[in-house]
Amino acid sequence: MNNRRVIVKIPASTANLGPGFDTLGMALSLYAWVEMCISDQTEFQFYGDHMKGLPKDKSNLLYKVAQLVFKEAGVEVPELSISMHSDIPLTRGLGSSATAIVGALVAANALIGSPLTNDKLFQMATTLEGHPDNVGASLFGGIIVSAWDGERADYIRIEPHESLTTLVAIPAFQLSTEKARHALPSQVSMADAVFNVSRSSLLVAALAGGELGMIRHAMKDRLHQPYRAALIPGMSAILESAVEHGALGVALSGAGPTLIAFVDDRTNGKPLEQFLLDMLKQEGIEAKTLWLSPCVNGPQVTVEDILKQPAIPLPDRIKGEMKL
Ligand code: HSE
């Protein structure tokens with residue numbers, strides 16, 4: 001009998017960073033926790049507002065993803081006890097589904113002694129999510145530059161500049177990635193493609209070289225943001241003028257509706273925060289702001305012996321670390 005209890009803390013993420021559609025991602029200091037152990041009977045405990053309504057049977061995503069790990073490793077673990085708490089709002093563009101996938105992959109792998117490499121987990125996570133940007137950031141931490149051809153995902157990690165922080169404005173309404181991807185055209189012009197290749201390249205060079213002043217010129221996009229703007233009232237005006245209110249650059253976070261401003265933490269961010277809230281309010285959009293720093297670590301894994309360490313309900317275990 002396997003006596004392991006595994007607890008994994010996984011960072012949220014922002015994808016695209018403006019021009020790097022399905023390519024760039026950055027891990028953020030907002031977290032989800034997955035606890036997993038082998039059990040006589042499959043059971044789920046979900047905590048927090050963002051977990052309401054999720055299935056508590058074997059159709060659950062966490063369970064299904066864990067089974068993929070066991071299958072890949074050639075072991076059978078049919079019954080699991082799974083707990084999860086998430087501070088990451090669902091369908092807002094902060095990578096909540098990627099954290100669930102990465103959390104289940106990493107927890108299941110640790111439960112059976114980590115036979116799968118991180119690269120293998122990245123391949124599996126990318127296939128499950130359909131793009132590597134969010135899962136790469138949650139799995140490796142920091143800033144991720146990635147590419148996927150449908151078979152293999154590759155990435156390079158960039159250490160975020162020590163003064164880089166972010167301000168996110170999270171609208172109260174949800175926007176599914178599916179709907180936000182549906183708004184995109186199937187073809188773009190050569191001029192728009194060149195526009196994005198140049199900005200994305202410039203952004204990667206700026207982030208890698210710590211050239212924070214270049215972000216305002218590089219964090220521009222013509223592949224997805226203009227098409228998604230209609231789904232997020234106030235977004236176009238914010239993208240146009242946030243740098244005049246203290247942002248280094250601003251973008252739609254993932255598929256939205258959250259907007260993310262990159263900020264130099266040595267500057268006063270209050271005027272920017274007020275600007276974002278005012279612009280959204282003018283459009284009748286209720287939103288909350290959060291200051292999130294880049295998370296430089298991937299998942300933090302704790303493995304316990306269930307015979308030696310008594311079970312502690314997940315919320316009690318992570319008390320003091322929870323944000324929302
Ligand atoms: N790159 C993805 C998109 C991230 O923009 O659709 C959201 O899942």
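Just the heavy atoms: all of them, side chains too, but no hydrogens, waters or symmetry mates, feed the values below. Atoms within each ligand, like the ligands themselves, are counted from 1 in listed order.
- The distance criterion of under 3.5 Å between nitrogen or oxygen atoms is not met by Glu129 with respect to ligand 1.
- For an aromatic pair to be called close, the ring centres must be under 6.0 Å apart, and His85 with Tyr47 fails this.
- Numbered from 1 in the order shown, with element, the atoms of ligand 1 that lie under 4.0 Å from a heavy atom of Ala255 read 5 (O), 6 (O), 7 (C).
- Between Glu72 and Lys120 there is a salt bridge, since at least one side-chain N of the basic residue sits less than 4.0 Å from a carboxylate O of the acidic one.
- With ligand atoms numbered from 1 in the order given, ligand 1 contributes 3 (C), 5 (O), 6 (O) to contacts under 4.0 Å with heavy atoms of Arg228.
- No part of His224 comes within 4.0 Å of ligand 1, judged by heavy-atom distances.
- Of all atoms in ligand 1, numbered sequentially from 1 with element shown, those under 4.0 Å from a heavy atom of Phe21 are 3 (C), 5 (O), 6 (O).
- In summary, Arg152 and Asp119 engage in a salt bridge, as defined by a charged side-chain N under 4.0 Å from a carboxylate O.
- Atom numbering of ligand 1 starts at 1 in the shown order; those under 4.0 Å from a heavy atom of Asn134 are 4 (C), 7 (C), 8 (O).
- Contact annotation for Gln225 and ligand 1: no heavy atom of the residue comes within less than 4.0 Å of the ligand.
- Side-chain contact, Ser59 with Asp57: a donor N or O sits under 3.5 Å from an acceptor N or O.
- Among protein heavy atoms, atom 1 (N) of ligand 1 sits closest to Asp22 OD1, 2.5 Å.
- Side-chain atoms of Leu111 and Leu80, non-hydrogen and from C-beta on, do get closer than 4.5 Å to each other.
- With respect to the salt-bridge test (charged N to carboxylate O, under 4.0 angstrom), the residues Glu321 and Lys319 do not qualify.
- Salt-bridge check for Lys56 with Glu43: failed, with every basic side-chain N at 4.0 Å or more from each acidic carboxylate O.
- Ranking protein heavy atoms by distance to atom 8 (O) of ligand 1, first place goes to His131 CE1, 3.0 Å.
- What sits closest to atom 3 (C) of ligand 1 on the protein, heavy atoms only, is Arg181 NH1, 3.2 Å.
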